[in-house]
Amino acid sequence: MRSTEEFAWVTLTTNDNYGLGALVLAHSLKRAGTAHQLAVLVTPTVSEAMRDRLKDVYNVVQEVNVLDSQDAANLALLARPELGVTFTKLHCWRLVQFEKCVFLDADTLVLKNCDELFEREELSAAPDVSWPDCFNSGVFVFTPSVDTFTKITEFAVQNGSFDGGDQGLLNQYFGDWATADIKKHLPFVYNVTAYASYCYLPAFKQFRDKIKILHFAGKLKPWLIQFNSQTKTAATPNEYAHAQDLIQHWWTIFCDNVHQSLTDNMCLCLNI
Ligand code: UDP
Ligand code: MN
């Protein structure tokens, strides 16, 4: 077994809202008993107060600059202009103090220990539900390297990204993912999209207990779902009717591990 300091889970937040996701994610990793380090990339737009909270749970809180794809036309196609900032993800390759990392979107929730992911090689990821010959870039195994960082950013400048975000770019750069090596295809349980319109419901029921990482991809993030602080229950939006217990799980971690550490002012600003 390698020294645990060589491996890290890495996420990213560019604002205090996604910061809430990053806090719940970190606690979900700890609950799952990970032996590895936790690192979060933050941009200058993340408040000092949020950075302090992130420092409570993350071993590394690394400030990075926003890399924007500046590809407004492509982003408009997706109607998700905020995804430009996901280019900022590329900074994860610069965390060269670690030998291997797993990137997790801040809107993911770890349900079971996944430390075995560090046995995989770059670039390992699970198929995207909408286009399974592409991988979903919400969960991926990578090897930090300044050389790779430079190559991907150069590639981005030359080729853009077919969806204007990091997923299109990374799928173009790691273009042989679909065909080259089956070991780089992570089982779907490592990145299960929770949103109903993407969901194959009978399979969701059948494999529900095997899910290791849930991904709240799409517009409706758990921190935007109405939560009743008296009854400690989350509302059930139609999109998540099949996954109410999992939304509730996100909020339970929030109540047990995160809420008391936030100042009143932060709660007010974040509307929670
Ligand atoms: N992200 C962020 N700020 C934003 C948008 C995205 O920090 O305004 C980061 C965050 O880690 C997020 C990831 O980029 O999880 C990818 O974006 P998102 O999860 O919203 O995309 P989706 O999975 O819904 O396609
Ligand atoms: Mn996501």
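Residue numbers count from 1 along this sequence. Only heavy atoms go into these numbers, but all of them, side chains included; no hydrogens, no water, no symmetry mates. One-based numbering, in listed order, for ligands and for the atoms of each.
- Here W223 pairs with Y18 under the ring pair (Phe, Tyr, Trp, His ring centres under 6.0 Å) rule; sequence neighbours left out.
- Distances from atom 13 (C) of ligand 1 to the heavy atoms of D105, N136, D166 show the closest one on D105.
- Considering both main-chain and side-chain atoms, L12 comes within under 3.5 Å of ligand 1 through a nitrogen or oxygen pair.
- For D107, a nitrogen or oxygen atom sits less than 3.5 Å from a nitrogen or oxygen atom of ligand 1, counting backbone and side chain alike.
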*Mind running salt bridge (charged side-chain N to carboxylate O under 4.0 Å, His left out) on K212 and E116 for me, showing each step along the way?*
CA-CA 11 Å; K212 292 193 168 217; E116 68 279 4; 2.8 Å; yes
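- Contact between K221 and ligand 1 is present, with at least one heavy atom of the residue lying under 4.0 Å from the ligand.
- Contact check for N191 versus D105: no side-chain heavy atoms found under the 4.5 Å cut-off.
- Checked against a 3.5 angstrom limit, the closest N/O atoms of A106 and ligand 1 fall inside it.
- T11 places a side-chain N or O within donor-acceptor distance of the main-chain N or O of A106, the cut-off being under 3.5 Å.
- For the Mn ion (ligand 2), the count of nearby protein N/O/S atoms, taking only those under 2.8 Å, is 4.
- Scored by the side-chain hydrogen bond (donor to acceptor under 3.5 Å, both in side chains) test, Q158 finds no partners at all (sequence neighbours excluded).
- Looking at heavy atoms from C-beta onward, L262 lies in side-chain contact with L23 at the 4.5 angstrom threshold.
- Within the 3.5 Å criterion, the main-chain N or O of T34 finds no donor-acceptor partner in the side chain of D115.
- Among V40, T14, N15, the residue whose heavy atom lies nearest to atom 2 (C) of ligand 1 is T14.
- Within the 4.5 Å cutoff, the side chain of E6 has no heavy atoms near those of the H36 side chain.
- Contact atoms of ligand 1 toward H215: 23 (O) (distance under 4.0 Å to a heavy atom of the residue).
- No heavy atom of Q167 sits closer than 4.0 Å to any atom of ligand 1.
- For the pair G138 and ligand 1, no heavy-atom separation below 4.0 Å is found.
- The side chain to side chain contact (heavy atoms under 4.5 Å, CB included) search around V96 returns P144, V146, not counting sequence neighbours.
- A ring-ring contact (aromatic ring centres under 6.0 Å, His included) with F142 is found for exactly one of F98, F135, W93, F118, namely W93.
- Polar contact with ligand 1: absent for F216 (N/O pair, distance under 3.5 Å).
- Look at E121 and K100 and you find a salt bridge, because one of the NZ, NE, NH1 or NH2 atoms lies within 4.0 Å of a carboxylate O, short of that distance.
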